[in-house]
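Keep in mind that this is a model prediction, so the values were computed, not measured. Both counts, for ligands and for their atoms, begin at 1 and track the order of listing.
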Amino acid sequence: MSAAPDTIRVPVLEIFSSFQGEGPRVGERQVFVRLAKCDLRCAFCDTPESYPTPDTARVQVAAPHGREERPENPLSVQQILDAVRRLDEPPGLHAAVSITGGEPLLHPQAVHALAVGIRHLSLRVHVETGGHRPGAVRHVLDVVDEVSPDLKLESATGAPTPWAAHEETFQILEAAGKAAAVKAVVGADTPPEEVAEAAVFAAEHLPSAPFVIQPMTPPAGKAGRPTLYHLYHLHDAAGRVHPDVRIIPQMHVYLGAR
Ligand code: SF4
């Protein structure tokens, strides 16, 4: 059972309406609740501003171009739910609320309470995670609709792949049938052998979910994006060992959306 939504507080970076830009739900209109803080430091990270807790959150007031409010952090879960309800106007405009970060599962109690409230708004609850916090996945599992865990490749993140945490996370999601996809970000230096190993691992521990290879989006002026030729090689390697492999770039970047 969740505590009352006005008693739980959590640091928030931003709340806004946009299109889902990653994975198999790409193009779907969603409200994004981006929680602050992350315990990883992926080399390709596109949201390093999420690492500290900002003094205030950026909260869009109405979709698509509403003014922003800047409430002080941390916000109560009730404040977040009020912002979501205000953005989803007319009700049902959005298909889901994506709880993202940073690493949202650093705040499992808040995610649990948020998910309960979001479901009361008749919106689907989608959680994005680095896939390395299985205990927190277990904590929120009953009240969320789907989770998109990453599979962190060392060649792209610059840190060892947390295989044991991924394995436990994937097994929990497979048993519950709640994985939207496994996402592996790849760069120009990601070898096909590493992607093949990851695809074998995903096929073994989370066979019900598509394996999404996401080309990294480096900061402007920096190298790192894999060529199309390289992506064919990576897909070939993964496709031999996994039944559902997809190449999906970050669509919101192409749209110029958040
Ligand atoms: S898990 Fe996400 S927010 Fe955290 S460092 Fe990696 S890419 Fe950035």
Short side-chain donor-acceptor distance under 3.5 Å, [Y] and [X]:
X      : Y      : result
Glu174 : Ser208 : yes
Lys37  : Ser50  : no
Glu72  : Thr56  : no

Salt bridge between Arg70 and Asp55, side-chain N to carboxylate O under 4.0 Å?
-> no
SB check Glu49 Arg58 (cutoff 4.0 Å) = no
Parallel, tilted or perpendicular, as decided by the 30° and 60° cut-offs, for the rings of His166 and Phe170 = parallel
Tell me which one of Gly130, Gly102, Ser50 gets a heavy atom nearest to atom 2 (Fe) of ligand 1.
-> Gly102
Quick one: nearest non-hydrogen protein atom to atom 4 (Fe) of ligand 1, plus distance?
-> Cys38 SG, 2.3 Å
Tell me: protein heavy atom nearest atom 8 (Fe) of ligand 1, and distance?
-> Cys45 SG, 2.2 Å
Report yes or no: does Arg41 have a heavy atom closer than 4.0 Å to ligand 1?
-> yes
For Thr47, atoms of ligand 1 separated by under 4.0 Å from a heavy atom | 3 (S)
Could you list which atoms of ligand 1 come closer than 4.0 Å to a heavy atom of Lys152?
-> 1 (S), 6 (Fe)
Kindly confirm whether atom 6 (Fe) of ligand 1 is within less than 2.8 Å of some N/O/S atom in Cys42?
-> yes
